[in-house]
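Numbered from 1 within each chain, the chains take letters A, B, ... in sequence-line order. From a predicted model like this one, the values you see are computed outputs, not experimental measurements.
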Amino acid sequence: MQTERGRIIVQLIPQFVRLSKRGMAGWTVLIGSVIVVAVVGMTLLAPWIAPHNPIAINVGPIMAAPSSEFPLGTNHLGQDMLSRVIWGGSMVLQVALISVAMCVAVGVPIGLLASYAGGNTDKGTSLVMDSIYAFPGLVLAIAIAAMLGRGVLNMSLAIAVVYVPSYYRIVRSQVLTIKELSYVEAARALGAKSRSIILRYVMPNVVPSVVSVATINFADAILTAAGLTFVGLGLSVAVPDWGWDLTYGRQLLPAGAWWVIAFPGLMIVLLALGFTLIGEGLSELWSPRLEQ
Amino acid sequence: MPPFVEVNNLTKHFPVQKGFLEAMFSGKRDFVRAVDGISFSIKKGETFGLVGESGSGKTTTGRILVRLIEPTSGEIEFDGQPVTRMNAEEAQTFRRRAQIVFQDPAAALNPRMTVGNAIKHALDIHGIGSDIERREEVLRMLKRVGLTPPDNFHNKYPHQLSGGQRQRVVIGRAMILKPQFVVADEPVAMVDVSIRAQILDLMVSLKQEFGLTYVFITHDLATANYFCDRIAIMYLGKIAEIGLRGEVFKSPKHPYTVALMSAIPVPDPKHKPERLIPRGAIPSPITPPSGCRFHPRCPKAFNRCPNEDPGMTRITSTHEVACHLFDETKAGQ
């Protein structure tokens with residue numbers, strides 16, 4: 001078992017190094033991965049690396065500018081901003097991960113089955129999906145989150161509903177192309193059942209585009225999660241969160257305390273950028289022309 | 001001996017997709033008459049050529065023959081069994097007996113399936129042999145289609161192979177179920193010229209080994225002449241002429257066939273053939289010309305041609321043509 005795991009890791013490393021030899025797209029994925037791994041690592045290690053308790057008040061002076069003692073300053077409650085920034089990604093990351101998993105689990109099977117079946121099933125499903133897609137994402141997420149109430153799962157669900165159509169649409173467009181290709185006809189001529197055609201011939205060819213959509217979707221989910229917290233639909237104030245810091249930071253900005261909003265905002269942008277870079281890079285790497 | 005495959009008055013009309021508004025305001029639906037009433041029969045062990053331009057309906061006919069698409073109307077009997085009315089079990093048996101080889105080997109192979117698995121899947125579907133036996137069978141087939149050493153090819157993905165090698169895999173996949181009837185849809189059209197002969201030779205040797213009956217679909221007259229025993233010339237969804245290879249090539253009757261034959265290049269610089277080039281382009285299969293479909297382009301068309309659809313006229317016991325010219329002479333006798 002141990003050697004098996006070792007071998008997988010050893011195989012992964014050359015894959016990773018090889019990315020840098022694949023031109024612009026390879027570098028894009030590489031840089032994106034470094035950003036994401038750094039932010040995720042920071043969040044995971046928060047209990048050990050954060051200098052102060054992120055929710056303890058009056059650990060320092062109120063609204064102190066960045067200094068050597070408090071490198072990112074403090075907020076109006078005297079909380080250490082550096083600790084809050086280090087801790088603050090936890091909820092956003094959880095929500096993004098769960099909502100993306102939900103989207104994939106729902107959007108991909110629906111896309112595969114409905115588009116493969118074609119006809120009225122396809123038309124009906126597309127109508128529903130396009131209706132959801134037509135809503136502005138954040139507004140719909142706010143409405144659903146307000147309805148469901150607080151909590152990581154509820155937030156994830158609210159975000160998942162908004163982004164399921166993206167997966168459905170990308171899967172559908174691929175399935176419509178693939179099901180006309182002769183290898184699907186060949187499988188039918190061999191006597192393969194629809195189930196096996198979908199699982200062995202259609203799905204493996206859809207996965208790459210789903211993965212690249214999923215990584216870009218991570219970025220959207222992070223922004224939406226932060227947005228939900230910003231409008232007050234996030235978790236309680238007792239949980240350190242970049243979204244909350246934005247809310248307070250906005251109020252403190254006129255008083256000149258730019259550091260309260262700037263650093264958490266920067267983290268959100270950075271994380272979203274990391275995922276977007278991975279997604280854009282992967283979709284370019286996996287486009288069939290380059291694979292040849 | 002009864003024919004192995006008998007096709008009777010086969011038609012396939014594809015509905016034309018219209019825009020939403022157009023569909024709402026015009027009640028009439030348009031159809032592409034891809035195949036419009038063709039009949040022929042194929043003897044066991046024969047290589048039957050379906051020759052025609054693109055859009056003549058030859059590929060559609062081939063796909064209907066192996067049950068990939070349902071015909072609009074008409075009957076197909078395969079070894080005495082009606083192909084269009086089979087239950088699930090009969091259909092699965094039919095799949096083992098009738099296979100198809102596709103034109104574009106790059107599109108005919110799943111890019112994410114190894115060559116070995118692509119062929120083996122056929123055995124998995126029909127539950128033939130144990131897993132080890134299936135693997136051995138696949139290796140044998142790879143060797144048989146000329147992919148040697150088979151162990152090298154077994155775990156390769158299609159994009160790692162050349163076009164000719166891919167087509168060998170496609171042929172191997174069709175042959176693994178030991179079919180009796182194979183529709184080959186332009187099997188060498190997308191293969192490099194230098195290896196066309198090798199692929200055709202492979203198909204000939206497989207035919208001898210398995211006692212195959214082929215339907216060979218092509219637009220290339222030279223290949224058809226090399227490969228086929230009997231040939232049907234298709235034009236806009238109908239058969240213009242059908243006969244033994246020698247009859248169609250040496251004494252073509254239908255003006256369309258004559259035009260096609262005069263277009264075959266002859267490797268002799270002094271040869272100045274009398275070219276009979278049809279006027280204009282091939283008409284739309286949505287609104288095919290009335291009467292004989294070739295009449296707007298036919299150099300010999302006369303007043304009967306736009307008005308009456310010519311039936312098949314027998315020239316010899318094996319040679320038939322759909323043209324009023326021959327209908328007339330016969331009537332005059």
Quick one: closest heavy-atom pair of B/Val35 and B/His13, and the distance? O-CD2, 3.8 Å

Which one wins on heavy-atom pair count under 4.5 Å against chain B: A/Gly191, A/Ala192, A/Ala186, A/Pro204? A/Gly191

side-chain hydrogen bond (donor to acceptor under 3.5 Å, both in side chains) between A/Gln174 and A/Ser209, intermediate numbers included: CA-CA 9 Å; A/Gln174 298 263 312; A/Ser209 23; 3.3 Å; yes

A quick test of your reading: do over 12 heavy atoms of other residues, nucleotides or ligands sit less than 6.0 Å from CZ of B/Phe210? yes

Among the listed options B/Ile176, B/Asn110, B/Asp104, B/Leu109, the residue most often paired with chain A at heavy-atom distances under 4.5 Å: B/Asn110

Would you call B/Lys178 and B/Glu137 a salt bridge, using N to O less than 4.0 angstrom? yes

For B/Leu68, is it the side chain, the backbone, both, or neither that has a heavy atom closer than 4.5 Å to a heavy atom of chain A? both

Under 4.5 Å heavy-atom distance to chain A, tell me which part of B/Asp185 shows up: side chain, backbone, both or neither. neither

When heavy-atom pairs shorter than 4.5 Å are enumerated against chain A, which of B/His121, B/Gln92, B/Gln99, B/Met113 gives the highest number? B/His121

Could B/Lys120 and B/Asp124 be called an ion pair, given the rule that one side-chain N must be under 4.0 Å from one carboxylate O? yes

What part of B/Arg63 gets within 4.5 angstrom of chain A, counting heavy atoms only: side chain, backbone, both, or neither? side chain

